[in-house]
K.L.:
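To start, I am sharing the structure in question, which I have written as structure tokens.
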Amino acid sequence: MSLLYEYRKSLKMVEVEEFFDLFFYRPLAFILVKIIYPTTITPNQLTITAILFGIAAGCVYAAGTPLALVAGSLLFMGYNIIDCSDGQLARLKKNGTYAGRIIDGIGDYITAIAVFIGLAIGHPDHDFSPNRWYILLVAAAISNMIQSILVDYYRNRFLNYVLERDSTFEEDLDAFKQEYQAIKDQKNKRMDKWIIGAYFKYSALQDKIITKKKGEKLFKADPQEYYKKNKIAIRLLVTIGPTAQVTVLMVCAAISRFDIYFWLILVVFNSIAAILWLVQNNIDKSFTTNVQP
């Protein structure tokens, strides 16, 4: 089995893969996985390592010096590479855990918070007054969150329709419930039980806030027809996904050009998100057979 074949098997559909993931982060992560595969390193250990890299990036950014910005960006890049590797290792070794999947998701939030707090403390671009700097950072963080939610929603829905699968939200929740029942009486699984229990509370809160679950099908559509109508839109939408956001921040921080970062995230990325949201709504209207709730 060739390395290229193994790498391709580790990917989702190419249409929903982000550009920087496909051609930079995931290939490097795959090399890392092949190196550590013979060792006893687990996916969960990689996840924790990635989180430590993300926290370290935020701490270094807090120094605010040109050298700190470069070092912080390198740590941030390390976080993204390792963050891609844990899932690849779990798939190859078939030793992933449900708790590990939750920790992986939490790690993204922890890293984002650490990085933005670090940048807020460091205030590395003194062309902006402190108040203006904080306002722009908060606006960028909110924009990143909205853009990521939009990309995640339409990417999951694209996969659901094209692959003819049920809602991943419901499938995941059922799988976590089964796992919790399986380990609830095992004393050596206390941490896993606590993590999965916390996920149930988060899911309950999410269910109250979100009217429609992520990935839920809203209408009936032939998989081939859905793919044909949505393939260009989804390819454009993933260009503003989380990896693109991270890469823009990482590069702009390394070259001390936060004016470019704010312009791209607040103007360009938000404009693309708004336009593609309207495009997706128009495409949805072309499918006339709706599923009644």
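Both backbone and side-chain heavy atoms feed into the values below; hydrogens, waters and symmetry mates do not. This chain uses plain numbering: 1 for the first residue, then up along the sequence.
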K.L.:
Between I36 and L89, which heavy-atom pair has the shortest distance, and what is it?
P.N.:
CD1-CD2, 4.1 Å
K.L.:
Are F287 and Y226 close enough that their ring centers fall under 6.0 Å?
P.N.:
yes
K.L.:
Does the distance from a Lys or Arg side-chain N to an Asp or Glu carboxylate O, for K231 and E15, drop under 4.0 Å?
P.N.:
no
K.L.:
Is a donor on one side and an acceptor on the other found under 3.5 Å between the side chain of E18 and the backbone of T243?
P.N.:
yes
K.L.:
Going only through I, L, V, M, F, W and Y residues with side-chain contacts under 4.5 Å, is there a path from Y134 to V115?
P.N.:
yes
K.L.:
For I113, which fellow cluster members are found when Ile, Leu, Val, Met, Phe, Trp and Tyr are connected by side-chain heavy-atom distances below 4.5 angstrom, either directly or through intermediates?
P.N.:
I117, I121
K.L.:
Hey, is the main chain of L266 close enough, under 3.5 Å, to the side chain of N270 for a donor-acceptor pair?
P.N.:
yes
K.L.:
Would V279 end up clustered with I146 when hydrophobic side chains under 4.5 Å apart are linked, directly or stepwise?
P.N.:
no
K.L.:
Ignoring hydrogens and geometry beyond distance, is a side-chain donor-acceptor pair present between Y261 and D125 at under 3.5 Å?
P.N.:
no
K.L.:
Angle class for the H123/H126 ring planes (parallel below 30°, perpendicular above 60°, tilted otherwise)?
P.N.:
perpendicular
K.L.:
Taking the side chain as every heavy atom from C-beta outward, state whether F258 and P124 have any atom pair closer than 4.5 Å.
P.N.:
yes
K.L.:
For W277 together with Y154, are the ring centres under 6.0 Å from each other?
P.N.:
no
K.L.:
Would you check if the side chain of S73 reaches a backbone N or O of M250 as a donor-acceptor pair within less than 3.5 Å?
P.N.:
yes
K.L.:
Between the side chain of Q245 and the main-chain N/O of I265, is any donor-acceptor distance below 3.5 Å?
P.N.:
no
K.L.:
With a 3.5 Å distance limit and no angle check, can you tell me whether S286 reaches the backbone of I283 through a side-chain donor-acceptor pair?
P.N.:
yes
K.L.:
With a cut-off of 3.5 Å and sequence neighbours excluded, list every side-chain donor-acceptor pair involving residues 50-59.
P.N.:
none

K.L.:
Is the distance between the ring centroids of W133 and F262 less than 6.0 Å?
P.N.:
yes
K.L.:
Using residues 64-71 as the side-chain source, report each donor-acceptor pair under 3.5 Å to any protein atom, sequence neighbours left out, with the distance given to one decimal.
P.N.:
residue, atom, partner, partner atom, Å
T65, OG1, A68, N, 3.1

K.L.:
Flag the pair F269 / N144 as yes when at least one side-chain heavy-atom distance between them is below 4.5 Å, and no otherwise.
P.N.:
no
K.L.:
Group every Ile, Leu, Val, Met, Phe, Trp and Tyr by side-chain heavy-atom contacts under 4.5 Å, then state whether W263 and V246 land in the same group.
P.N.:
yes
K.L.:
Verify the neighbour count for atom CG of L236: are there more than 12 heavy atoms of other residues, nucleotides or ligands below 6.0 Å?
P.N.:
yes
K.L.:
Any salt bridge linking K229 with D222? Criterion: basic side-chain nitrogen under 4.0 Å from a carboxylate oxygen.
P.N.:
no
